[in-house]
Amino acid sequence: MSEHKIEEQPCYILAIETSCDETAVAIVKDGHVVMSNLIASQIETHKAFGGVVPEVASRKHVENITLMLDEAVTASGIKMTDLSAIAVTQGPGLVGALLVGVVAAKSLSVALAKPLIGTHHIAGHIYANRLVGEIHYPCMVLVVSGGHTELVYMKQEGQFEVIGRTRDDAVGEAYDKVARSLGFPYPGGPHVDKMALESEESIVLPRAWLEPGSYDFSFSGLKSAVLNVINQRKMRGDDMNPAAIARGFQESVVEVLVTKAIRAVKAYDVKQLLLCGGVAANRGLRAELSRQCDKEGIDLSIPPFEYCTDNAAMIGAAAYLKWREQYFTSLDMKADPQLSLEAWGSNSID
């Protein structure tokens, strides 16, 4: 427990997010009011490689972080001395990328004599929903991103229980691999989504339900099924219809995600379902989940597009949990690419 004295409201948290290939800095007031939220994307840099190159991402973070910090504070309209705490993504993520943010956050914490809050990346995605409205507990969370596909039960604020997770590829990884197979440019997910929504034809592909009652996910078999369809058509000399394959793939993914999420909501008798993560920007998933929740009378929360992909405002929202509990991180904190969501959350509650 830190000895930092808790300041009077309002609470201004400067948050840093560098877990992958976006250098992001935000100022968040009282855990839900976004004063500034800036992102320096590296998409154009990594496009030439067809995916994120960790060493390149780390170097770009080093180049961008100081300027991003200055611009975020200026855009917020407050002074550095007005800050209440410094929050940073501690993990999970690419260790080299995480280190850049962690070092910057520690430096600011020491220079400004403000408490440091190491924050979990997925907790950030979850609490992106708090930026647009209240979260009602107990709730269920469907996390869908490039590295994570999970169902998380939250009995109360700051308490996380992972009840289902992917056993192989995360849904975002599956989208990128299928997009590459179809010849779509990086990042492939939005291209698959666009083609799927525009296609009138659909190739029927398998659904991986796993064992009866399981909340786990698996997408590697579906990815292989897509490759088989492509290879078989090439061998037969048939015309390829990438849009029909994209639609079939997306329909399979969305049906499994939505069905398991709805089943979990009913089984755990929660008040609300939250969708979060980069793939929460997928229009097909957003539309079908909204339709099914309307049909079942389920309260659904989905962040706007700008809070779905990696950003620092979500880190500020999650860090506010620690601020309210006066739980701060020591300066010997290390970047942790395997940081546990459940363990991180356990310190946020009594």
Other members of the hydrophobic cluster containing Ile39, with the 4.5 Å side-chain heavy-atom rule, please.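 Members alongside Ile39: none; it stands by itself.
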Check the pair Leu38 / Val25 against side chain to side chain contact (heavy atoms under 4.5 Å, CB included), numbers first and verdict last. CA-CA 5 Å; Leu38 303 183; Val25 182; 5.5 Å; no
Look at the side chain of His120 and the backbone N and O of Leu341, then say whether any donor-acceptor pair between them is shorter than 3.5 Å. yes
Taking 4.0 angstrom as the limit, do Glu198 and Lys194 come out as a salt bridge?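 Yes, charged N to carboxylate O under 4.0 Å.
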Looking at Arg247 and Glu251, is any side-chain nitrogen of the basic one under 4.0 Å from a carboxylate oxygen of the acidic one? yes
Please name the pair of heavy atoms, one in [X] and one in [Y], separated by the smallest distance, quoted to 0.1 Å.
X: Ile245; Y: Leu205; result: O-CD1, 4.2 Å
X: Gly158; Y: Tyr127; result: N-OH, 3.1 Å
X: Leu273; Y: Cys293; result: CD2-SG, 3.8 Å
X: Lys114; Y: Ser109; result: O-OG, 2.6 Å

When the side chains of residues 221-235 are checked against the rest of the protein, which donor-acceptor pairs come out under 3.5 Å, sequence neighbours left out?
unit_1	atom_1	unit_2	atom_2	d
Lys223	NZ	Asp169	OD2	3.3
Ser224	OG	Ser220	O	3.1
Asn228	ND2	Ser224	O	3.4
Asn231	ND2	Leu227	O	3.2

Please list all pairs meeting salt bridge (charged side-chain N to carboxylate O under 4.0 Å, His left out) that have one or both residues in [range], counting only residues at least two apart or in different chains.
range: residues 264-279; value: Lys266-Glu296
range: residues 125-135; value: Arg130-Glu134
range: residues 275-291; value: Asp193-Arg283, Glu288-Arg291
range: residues 201-213; value: Arg167-Glu211, Arg207-Glu255

Going through the distances and angles, do Ile315 and Val88 end up as a side chain to side chain contact (heavy atoms under 4.5 Å, CB included)? CA-CA 7 Å; Ile315 301 303; Val88 63; 6.0 Å; no
Mind running side chain to side chain donor-acceptor pair (under 3.5 Å) on Thr89 and His121 for me, showing each step along the way? CA-CA 6 Å; Thr89 302; His121 181 74; 4.5 Å; no
Do the side-chain N and O atoms of Gln272 and Asn129 include a donor-acceptor pair separated by under 3.5 angstrom? no
Under a single-linkage definition using a 4.5 Å side-chain heavy-atom cutoff for Ile, Leu, Val, Met, Phe, Trp and Tyr, are Leu69 and Leu112 assigned to the same hydrophobic cluster?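 Yes.
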Do the ring centers of Phe249 and Tyr175 come within less than 6.0 Å of each other? yes
Show your working on side chain to side chain contact (heavy atoms under 4.5 Å, CB included) between Tyr12 and Val73 and close with a plain yes or no. CA-CA 11 Å; Tyr12 294 108; Val73 173; over 6 Å; no
